[in-house]
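See below for the structure under consideration.
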Amino acid sequence: MNALPFLVVVWLLVVGLYGIATCRNSIYLVSALFVAQSSGYLLLLSVGYVNNGTAPITGDIPGTRIMVDPVVQALTLTDIVVGATVSALLLALALQRHKRSGTLDPKSEPPMRG
Amino acid sequence: MNDRLRNTLFALAAALLAGCLVAAFTSLPTFGRQSGAYRALVLESMEPMRHAQQAVAAVTFDYRGFDTLAEEFILFAAVAGGLLLLRRQEDEETREPTDQAPDRAGIVAAPAVLGLGVVMFPFTLLLGIYVVLHGHLTPGGGFQGGVLVATAFYYVYLSGEYGDLLKIKRDHLASHLEAAGAMSYAMIGALPLLSDYHYMRNLFPLGVSGELLSTGTLPLLNTAVGIEVASAFVLLIAAFLRQVLVIRREKKS
């Protein structure tokens with residue numbers, strides 16, 4: 001049971017990579033990339049979890065409660081923001097490519113023009 | 001390389017990677033019993049030193065505020081790149097959307113949809129502003145609240161008033177706000193340099209723990225990030241919308 005979060009991390013990463021390696025559509029590629037990336041969120045959060053821990057906010061929670069690691073939570077926040085904007089950039093690339101070459105298949109020849 | 005060879009190679013590599021990862025994770029401390037050194041350090045020092053009550057915000061904007069500056073500029077660069085790609089290209093033309101079937105009456109949005117947009121827009125906007133401003137006290141902050149504020153404008157799109165979003169073009173207020181948000185984060189960080197302190201030092205009065213105006217620069221940085229994230233996402237949806245509705249490929253005749 002204790003190994004479960006880490007096994008899910010490995011599973012998400014490998015499934016995401018499988019999607020990236022086999023997909024025939026750039027939109028699916030972005031989705032698969034996001035799945036692979038979400039394994040990073042889960043890994044960070046499981047590394048910082050402490051048994052019976054609560055949110056690291058001291059305002060309303062009595063100081064006697066055990067709190068989880070805030071450092072990795074802040075790193076996860078960074079990860080999510082970067083992931084979302086990079087996905088938007090990749091989707092814009094896919095859209096332009098579809099207009100140029102009429103295909104979304106990442107395996108076809110890219111239109112290279114200077 | 002044919003597909004079968006590619007998939008076999010991938011399966012081998014993925015199995016190897018998964019095996020290595022599982023082996024690596026088994027040498028980590030047991031799940032739930034980790035105790036990183038920084039966890040105790042941050043939780044013990046943030047209230048006496050910074051009067052902060054929300055550890056994630058304190059870490060993001062204070063302990064590693066310099067990292068967040070870089071993260072903010074990753075966001076800025078990614079959005080700038082996205083907008084650059086979604087411009088009108090050389091062989092395209094813009095065409096204002098025209099009614100393709102003037103003889104037919106336009107589709108009128110159902111009153112429920114319009115009503116939902118009218119009701120949800122102000123409340124989502126308000127919730128977003130609340131989450132940005134209270135980022136150092138309650139869960140939330142500039143990044144989360146900024147996305148909420150942008151979501152309020154998505155309701156404009158969903159309730160059928162997408163013409164209003166098309167007006168967001170170059171030199172619109174949103175693009176200035178995005179740049180101003182990114183810039184003010186860097187400027188707030190640079191202020192202490194004037195009085196010979198190091199970059200991003202928390203100069204402002206720390207205030208009373210738990211009050212809205214406390215923890216020094218944290219609320220200011222949260223607001224800067226909130227403004228930037230909100231305008232970035234509004235700009236992105238406007239650019240994608242223009243791409244679909246306004247920009248057409250020029251006919252080669």
Side-chain angles (χ1 to χ4, degrees), chain A residues 1-7 9-11 13-15 17-18 20-22 39 43 46-53 55-61 63 66-82 84-97 99-100 107, chain B residues 3 6-7 10 14-15 17-18 21-22 25-26 28 30-36 38-39 42-43 46-47 52-60 63-64 67-68 71 74-75 77-79 81-86 89 92 137-139 141 143-144 147 209-210 229 232-233 236 239-240 243 249:
Chain A
M1 196 56 199
N2 280 329
L4 187 64
F6 298 116
L7 289 179
V9 169
V10 176
W11 172 245
L13 181 63
V14 172
V15 163
L17 289 176
Y18 173 78
I20 293 170
T22 57
S39 73
L43 177 62
S46 359
V47 163
Y49 183 72
V50 182
N51 278 338
N52 303 320
I57 297 165
T58 54
D60 298 325
I61 300 166
I66 305 165
M67 288 178 179
V68 298
D69 194 343
V71 179
V72 283
Q73 296 209 347
L75 285 173
T76 312
L77 174 63
T78 307
D79 204 350
I80 292 171
V81 173
V82 171
T85 43
V86 168
S87 299
L89 182 61
L90 286 173
L91 287 174
L93 265 174
L95 203 142
Q96 284 299 359
R97 176 143 189 265
K99 282 210 288 194
R100 300 271 133 180
K107 290 196 187 91
Chain B
D3 276 357
R6 180 202 293 261
N7 288 351
F10 170 76
L17 176 72
L21 282 175
V22 170
F25 289 153
T26 47
L28 279 177
T30 326
F31 175 72
R33 300 242 182 82
Q34 282 97 345
S35 51
Y38 291 109
R39 181 183 142 261
V42 169
L43 288 176
M46 69 171 181
E47 197 132 19
Q53 294 192 326
Q54 215 261 67
V56 179
V59 170
T60 311
Y63 290 89
R64 48 178 285 274
D67 269 12
T68 310
E71 179 198 348
I74 293 177
L75 192 149
V79 171
L83 294 179
L84 198 67
L85 280 170
L86 294 174
Q89 305 292 312
E92 291 169 344
L137 301 173
T138 53
F143 291 106
Q144 299 91 323
V147 173
S209 196
V229 172
F233 278 87
L236 272 179
F240 273 107
Q243 191 65 231
R249 191 132 199 203

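Chain A is the first sequence line, chain B the second, and so forth, proteins listed ahead of strands; every chain is numbered from 1.
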Where [X] and [Y] come nearest, the two heavy atoms and their spacing:
X: B/R6; Y: A/A21; result: CD-O, 4.0 Å
X: B/G81; Y: A/L89; result: C-CD1, 3.4 Å
X: B/G82; Y: A/A92; result: O-CB, 4.1 Å
X: A/A84; Y: B/F233; result: CB-CZ, 4.4 Å
X: A/N51; Y: B/F31; result: OD1-O, 4.1 Å

Given a strict heavy-atom distance threshold of 4.5 Å, which part of [X] is in contact with chain B: side chain, backbone, both, or neither?
X: A/L95; result: side chain
X: A/V72; result: neither
X: A/L75; result: both
X: A/L93; result: both

Within 6.0 angstrom of B/F10 CZ, more than 12 heavy atoms from elsewhere: yes
CZ/B/F240: more than 12 non-hydrogen atoms of other groups inside 6.0 Å: yes
Heavy-atom pair count under 4.5 Å with chain A, highest-scoring of B/L236, B/L21, B/V42, B/L43: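 Option with the greatest count: B/L43.
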For chain B, which of [options] has the most heavy-atom pairs under 4.5 Å?
options: A/L13, A/L43, A/T78, A/N52; value: A/T78
options: A/T22, A/V14, A/L17, A/L7; value: A/L17
options: A/L91, A/V47, A/T76; value: A/V47
options: A/P56, A/A55, A/A88, A/G53; value: A/P56

Non-hydrogen atoms of chain A under 4.5 Å away: do they reach the side chain of [X], the backbone, both or neither?
X: B/V56; value: both
X: B/L137; value: backbone
X: B/Y63; value: neither
X: B/L75; value: both
X: B/A52; value: backbone

What's the verdict on side chain to side chain contact (heavy atoms under 4.5 Å, CB included) for A/I80 and B/F143, showing C-alpha distance, side-chain angles and the deciding distance? CA-CA 10 Å; A/I80 292 171; B/F143 291 106; over 6 Å; no
Could you go through the side chain to side chain contact (heavy atoms under 4.5 Å, CB included) check for A/L77 and B/Q144 one step at a time? CA-CA 9 Å; A/L77 174 63; B/Q144 299 91 323; 3.7 Å; yes
B/R39 side chain to A/M67 main-chain N or O, any donor-acceptor pair under 3.5 Å? yes
Quick one: does any side-chain atom of A/Q96 pair with a main-chain N or O of B/L85 as donor and acceptor, under 3.5 Å?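 Between the backbone of B/L85 and the side chain of A/Q96 there is a qualifying donor-acceptor contact (under 3.5 Å).
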Apply side chain to side chain contact (heavy atoms under 4.5 Å, CB included) to residues A/V81 and B/V229 and explain how you reach the verdict. CA-CA 9 Å; A/V81 173; B/V229 172; 5.6 Å; no
